[in-house]
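As structure tokens, the structure follows; a few thoughts come after it.
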There are 2 protein chains.
Amino acid sequence: MANLGSNDQRVLTTLKKSNKPLSAYDILDRTRSAALKAPVQVYRALQKLEKRGLVHRVEALNAFVACCDDHHGLHRPGFVVCRDCGVAREFEDKRVARVAEDAAGPDFLIETISLEIYGRCAPCRAAA
Amino acid sequence: MANLGSNDQRVLTTLKKSNKPLSAYDILDRTRSAALKAPVQVYRALQKLEKRGLVHRVEALNAFVACCDDHHGLHRPGFVVCRDCGVAREFEDKRVARVAEDAAGPDFLIETISLEIYGRCAPCRAAA
DNA sequence: GTTGCCTTCGTTATGATATAACATTACGGT
DNA sequence: ACCGTAATGTTATATCATAACGAAGGCAAC
């Protein structure tokens with residue numbers, strides 16, 4: 001596959017600078033001055049970045065995060081997400097793959113696994 | 001909390017008749033003749049049904065399914081979803097809660113857990 | 001170098017999902 | 001009947017995502 005283009009770089013940089021998941025439109029807002037003018041450019045970049053494991057989508061937020069890991073290839077981590085502060089912490093746990101295989105059964109071909117945990121992080125609970 | 005209203009019943013019935021997850025707008029289409037006229041009515045019903053565990057949201061599909069289980073209270077099952085035929089099979093696995101607790105840590109208050117497994121089911125693979 | 005092809009990128013428009021804001025109606029308690 | 005609360009209805013709008021098409025750039029064959 002081709003190398004990252006300048007749009008891809010800009011989107012990735014924007015995500016890396018954020019400590020929270022960003023929606024495609026958040027990214028667009030932050031890069032509009034730079035170069036990106038339309039949602040589709042952001043989505044195209046995100047799609048390419050996700051294919052390479054540089055970015056992950058957080059399904060329940062319709063948002064995206066840079067992979068915390070620099071970088072050992074494709075994986076599908078889980079996320080722990082605070083509903084208050086919005087921070088999403090990436091994690092991996094080998095048990096997830098086993099649970100998934102048991103649930104799916106031997107004849108189901110697993111392509112992706114999404115595990116997302118929502119709640120309140122300790123700092124936000126303390127502040128409340 | 002109050003009982004289910006007629007809109008809630010209609011939405012729940014519609015979901016039960018479907019063997020696949022339905023989006024809010026799918027539900028709206030199928031109930032428009034009956035009574036529901038606007039998205040917000042469907043979303044309100046879904047919200048109430050979800051609170052009671054009668055319906056689950058499948059995050060990565062932006063869609064909803066009736067709980068397969070008639071009915072022992074709140075739970076947060078996982079789903080195995082076929083990308084071809086769209087069928088979502090509900091399952092539960094106690095290991096998920098443990099993985100989630102370990103990932104979140106002792107000071108994180110877990111509210112919901114979403115585990116979704118995507119791929120191809122056996123019949124669809126055979127057909128392809 | 002120029003032709004043809006493929007991939008990327010830009011632009012416009014539109015489709016799909018979800019909620020805000022506020023008016024109206026239904027209904028139980030007293 | 002009166003009030004308060006919950007449910008419902010209506011309109012408008014916010015948010016998320018992709019379709020369709022054309023222009024620009026790279027690259028190999030000739």
Side-chain angles (χ1 to χ4, degrees), chain A residues 1-15 18 20-52 54-65 79 81 83 86 88 112 114 116 118, chain B residues 1-15 18 20-52 54-65 79 81 83 86 88 112 114 116 118:
Chain A
M1 199 183 177
N3 285 331
L4 294 181
S6 57
N7 285 354
D8 308 324
Q9 301 278 6
R10 274 189 277 259
V11 168
L12 182 55
T13 303
T14 303
L15 280 174
S18 170
K20 308 177 186 180
L22 299 178
S23 77
Y25 283 76
D26 291 337
I27 296 168
L28 184 57
D29 289 342
R30 295 176 193 213
T31 54
R32 225 184 262 280
S33 58
L36 301 188
K37 302 238 157 60
V40 69
Q41 299 173 289
V42 177
Y43 282 104
R44 287 203 276 233
L46 288 169
Q47 192 169 15
K48 192 192 285 188
L49 293 166
E50 210 186 352
K51 265 200 202 130
R52 301 169 175 231
L54 296 168
V55 154
H56 302 295
R57 180 183 168 89
V58 184
E59 295 293 349
L61 297 177
N62 295 325
F64 302 84
V65 286
F79 292 93
V81 184
R83 287 191 199 282
T112 68
S114 160
E116 299 177 4
Y118 289 83
Chain B
M1 197 181 181
N3 286 331
L4 294 182
S6 55
N7 286 355
D8 308 323
Q9 302 278 7
R10 275 189 276 259
V11 168
L12 183 55
T13 302
T14 303
L15 281 174
S18 170
K20 308 177 186 181
L22 298 178
S23 77
Y25 284 77
D26 291 337
I27 296 167
L28 183 58
D29 288 343
R30 295 176 193 212
T31 54
R32 223 183 263 280
S33 59
L36 301 186
K37 302 238 159 59
V40 68
Q41 298 172 288
V42 177
Y43 282 103
R44 286 202 278 234
L46 287 169
Q47 191 169 18
K48 192 194 282 189
L49 293 166
E50 211 185 351
K51 265 199 203 131
R52 301 170 176 231
L54 297 168
V55 155
H56 303 294
R57 180 182 168 89
V58 184
E59 295 293 348
L61 298 178
N62 295 325
F64 302 84
V65 285
F79 292 94
V81 183
R83 287 191 199 283
T112 68
S114 160
E116 300 177 4
Y118 290 84

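Below, chain A is the first sequence line, B the second, and so on; all start at residue 1. Side-chain atoms are counted along with the backbone in the values below, which use heavy atoms only and exclude waters and symmetry mates. Keep in mind the model is a prediction, meaning the values are calculated, not measured.
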State whether [X] places a side-chain N or O below 4.0 Å from either non-bridging phosphate oxygen (OP1 or OP2) of [N].
| X | N | value |
| --- | --- | --- |
| B:N62 | D:dA17 | no |
| A:R57 | D:dA17 | yes |
| B:K48 | D:dA7 | yes |

Of the options [options], whose atoms approach the side-chain atoms of [X] most closely?
| X | options | value |
| --- | --- | --- |
| B:S23 | D:dC16, C:dT17, D:dA20 | C:dT17 |
| B:F64 | C:dT11, C:dA18, D:dT18 | C:dA18 |
| A:N7 | D:dT18, D:dT11, C:dC9 | C:dC9 |
| A:V40 | D:dT8, C:dT19, C:dT12 | C:dT12 |

[atom1] of [X] versus [atom2] of [N]: gap in Å, rounded?
| X | N | atom1 | atom2 | answer |
| --- | --- | --- | --- | --- |
| A:Q41 | C:dT7 | CD | P | 20 Å |
| B:L46 | C:dT17 | CG | P | 13 Å |
| A:Y43 | C:dT11 | OH | P | 18 Å |
| B:L28 | D:dT10 | CG | C1' | 13 Å |
| B:Q47 | C:dT19 | CD | P | 7 Å |
| A:R44 | C:dT7 | CZ | P | 14 Å |
| B:L36 | D:dT8 | CG | C1' | 10 Å |
| B:K37 | D:dT8 | NZ | P | 14 Å |

| query | Just by distance, with hydrogens left out, do A:T112 and A:R57 show a side-chain donor and acceptor under 3.5 Å apart? | reply |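 No, A:R57 and A:T112 have no side-chain donor paired with an acceptor closer than 3.5 Å.
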
| message | Within the 3.5 Å criterion, strictly below it, is a donor on B:Q41 or B:Y43 matched to an acceptor on the partner's side chain? | response |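 No pair is found: no donor N or O on one side chain lies under 3.5 Å from an acceptor on the other.
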
| How about A:Q9: does its CD atom have over 12 heavy atoms from other parts shown lying under 6.0 Å from it? |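 Counting neighbours around CD of A:Q9, more than 12 heavy atoms of other residues, nucleotides or ligands fall under 6.0 Å, so yes.
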
| So, do A:Y25 and D:dC16 meet the stacking rule of ring centres under 5.5 Å and planes under 30°? |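 Here A:Y25 meets both the 5.5 Å and the 30° conditions.
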
| Got a salt bridge between A:E50 and A:K48, using NZ or NE/NH1/NH2 to carboxylate O under 4.0 Å? |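 Salt bridge flag = no for A:K48 with A:E50.
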
| request: Give one of base, sugar-phosphate or nothing for B:A24, where a contact means two heavy atoms less than 4.0 Å apart. | output: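 Here B:A24 touches no strand at all.
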
| said: So A:Y25 and A:P39, do their side chains get closer than 4.5 Å, heavy atoms only? | reply: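 When only atoms from C-beta onward are counted, A:Y25 and A:P39 do touch, with a gap below 4.5 Å.
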
